[in-house]
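Source: prediction; values computed, not measured. The sequence lines fix the lettering, A, B, ..., with proteins before strands; numbering per chain opens at 1. FYI, side chains are in, hydrogens and waters are out, and symmetry mates aren't considered; it's all heavy atoms of this structure.
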Protein chains: 2
Amino acid sequence: MPLDLIDSDPASAPDRPERPGRPGRRRDHSRDPEILDAAIEVLAEEGYDGMTMEMVAARAKAGKATLYRRWPSKGELVVDAVACMKSRDLDLDNLPDTGTLRGDLVAMIKPRTLEEADRKMQVMAGLMSVLSRSPELVEAINAAIVAPRAEVNRRLIERAIARGEISADIDVNVLALVAPSMTAYRLLVTQRPVDREYLLSIIDGIVLPAVGLRAPRA
Amino acid sequence: MPLDLIDSDPASAPDRPERPGRPGRRRDHSRDPEILDAAIEVLAEEGYDGMTMEMVAARAKAGKATLYRRWPSKGELVVDAVACMKSRDLDLDNLPDTGTLRGDLVAMIKPRTLEEADRKMQVMAGLMSVLSRSPELVEAINAAIVAPRAEVNRRLIERAIARGEISADIDVNVLALVAPSMTAYRLLVTQRPVDREYLLSIIDGIVLPAVGLRAPRA
DNA sequence: GGTATCCGAAACTGATCAGTTCCGTATATA
DNA sequence: TATATACGGAACTGATCAGTTTCGGATACC
């Protein structure tokens with residue numbers, strides 16, 4: 001089970017420039033996105049150990065040699081793929097603002113978001129057994145999957161505090177993790193779906209009561 | 001990545017009889033516990049794919065052939081090992097009874113319990129990528145790891161309701177999952193330790209406020 | 001058109017590992 | 001003491017897969 005994700009080059013940015021011209025010139029990295037997307041797909045379906053470089057190449061309609069021309073090993077391709085999985089479903093600069101904490105939290109429940117969360121959790125599950133051996137993977141996952149979701153909740157809660165809706169005497173850091181933790185647990189551990197109903201039961205059964213608010217009468 | 005945990009025999013009980021006499025007689029299964037324990041250890045350290053039958057055999061000071069005399073495949077050995085990992089740290093018939101919900105919850109925080117939970121989460125992480133392909137593994141994990149912990153919380157909460165400490169108008173099923181979910185998330189996803197302090201912040205920051213109780217002034 | 005470059009495909013190497021077979025030995029019963 | 005059984009160890013097979021090499025074809029530039 002070799003992993004050697006040493007990746008000793010701290011200057012390697014996870015962000016890649018968009019394709020400059022249309023076709024290739026010099027070092028052409030224009031096909032990187034397709035390959036990284038393919039890697040994420042295979043990762044979600046098969047897990048790290050089940051993923052083979054041939055699967056990724058086939059899915060991206062590329063040759064295996066092409067993968068190795070860009071990434072020195074399977075491990076580094078995976079780290080890169082995860083790092084480039086940045087949230088397209090969450091936009092921190094464009095959060096809902098309904099005037100109430102419950103309204104904001106409920107407004108975050110969108111099919112698109114649920115779907116993205118599910119996909120990310122699949123990827124996470126596939127990488128779980130490898131995490132303890134790869135700090136850079138932990139970091140990549142944290143930045144791409146974990147942190148954004150907690151940050152959304154933190155902002156919504158802080159806004160509710162700022163407008164005086166809820167007490168400032170609240171452990172925001174822990175509270176912001178309730179929903180992400182419980183959805184991850186449900187998806188990963190108990191293998192049951194996270195749907196609107198489950199999220200509402202977390203919001204109305206835990207989060208709102210914990211800050212002294214009540215759900216509207218049904 | 002073959003798994004074929006078909007295990008089509010529904011009569012195979014996960015409980016094995018204790019060694020009947022001291023040494024072997026006829027079918028001698030007296031070494032099964034050592035082998036299963038070894039499997040759990042390797043599983044926790046290496047994960048399902050990283051675990052080899054040779055590792056398990058070596059750890060149990062057994063021959064690889066001996067493993068295959070007892071279990072038809074790696075997959076079935078693992079299911080059996082998980083099923084036999086029954087909680088020795090949690091005793092549902094002997095729960096703390098301090099008179100308050102907070103007292104009971106805090107009394108559950110014991111070094112022995114924390115350690116066991118950590119070990120079980122390591123095993124869980126190692127099996128995560130395989131879960132989606134093995135319903136019997138999901139079932140075994142659920143019975144051995146997931147259900148007992150939620151059941152403890154459920155009983156403590158229901159007792160608090162029965163004695164009138166908290167309102168009966170509470171979503172017990174969801175509330176009982178808060179602590180297990182958040183500890184699993186912290187251990188598995190963010191790779192940070194679950195210590196007494198973190199558990200107290202869950203109890204005092206989420207669970208108690210959610211049922212309308214306050215933590216004692218520090 | 002000529003040339004240089006990157007591409008995908010495919011064959012190849014070496015290592016690892018699930019599962020099998022065989023063998024010499026230890027032990028318990030009789 | 002003789003016999004039967006299960007043991008641990010070691011050698012073996014077959015499949016899979018990371019990573020490498022080669023090659024013929026496409027495309028961009030001059």
**Message:** Regarding B/Lys61, tell me which of base, sugar-phosphate or nothing describes its non-hydrogen contacts under 4.0 Å with the strands shown.
**Reply:** sugar-phosphate
**Request:** Could you tell me the separation between the CZ atom of A/Arg59 and the C1' atom of C/dG8, rounded to a whole number of Å?
**Result:** 18 Å
**Prompt:** Cation over ring, B/Lys74 on B/Tyr68, under 6.0 Å and within 45°?
**Reply:** no
**Item:** side-chain contact (heavy atoms from CB on, under 4.5 Å) between A/Asn153 and A/Val178, intermediate numbers included
**Value:** CA-CA 9 Å; A/Asn153 291 330; A/Val178 171; over 6 Å; no
**Asked** Which is it for B/Leu77 and B/Met53 under the side-chain contact (heavy atoms from CB on, under 4.5 Å) test, yes or no, and what are the steps along the way?
**Response** CA-CA 10 Å; B/Leu77 167 61; B/Met53 294 300 262; 4.0 Å; yes
**Request:** Go through A/Thr66 and A/Arg31 one step at a time and tell me if the side-chain contact (heavy atoms from CB on, under 4.5 Å) criterion holds.
**Result:** CA-CA 10 Å; A/Thr66 303; A/Arg31 304 259 354 246; 6.0 Å; no
**Asked** To the nearest angstrom, how far is A/Leu67 atom CG from C/dG8 atom P?
**Response** 9 Å
**Rounded interatomic separation in angstrom, taking CD from A/Glu54 and C1' from D/dT16** = 10 Å
**Message:** Which nucleotide wins on minimum distance to the side chain of A/Arg69, given the candidates C/dG8, D/dC7, C/dG19?
**Reply:** C/dG8
**Prompt:** Just checking A/Ala65: base, sugar-phosphate only, or nothing, at a heavy-atom cut-off of under 4.0 Å?
**Reply:** base
**Message:** Looking at the base of C/dG19, is there any donor atom on it, or on the side chain of B/Lys64, that sits under 3.5 Å from an acceptor on the other one?
**Reply:** yes
**Prompt:** To the nearest angstrom, how far is A/Met51 atom CE from D/dA18 atom C1'?
**Reply:** 11 Å
**Message:** Can you measure B/Asp49 atom CG to D/dA18 atom P for me and round it to whole angstrom units?
**Reply:** 12 Å
**Whole-Å gap separating P (D/dA10) and CE (B/Met53)** = 18 Å
**Nearest listed nucleotide, side chain of B/Tyr68, among C/dA18, D/dT22, D/dG8** = C/dA18
**Prompt:** To the nearest Å, how far apart are A/Met55 CE and D/dA18 C1'?
**Reply:** 13 Å
**Prompt:** So, is A/Arg31 close to the C/dC6 phosphate, meaning a side-chain N or O under 4.0 Å from OP1 or OP2?
**Reply:** no
**Asked** Atom NZ of A/Lys74 and atom P of C/dA15: how far apart are they, to the nearest Å?
**Response** 19 Å
**Prompt:** Any side-chain heavy-atom pair from A/Asp49 and B/Tyr48 closer than 4.5 angstrom?
**Reply:** no
**Request:** Would you indicate, yes or no, if D/dG8 has its OP1 or OP2 atom less than 4.0 angstrom from a side-chain nitrogen or oxygen of B/Thr66?
**Result:** yes
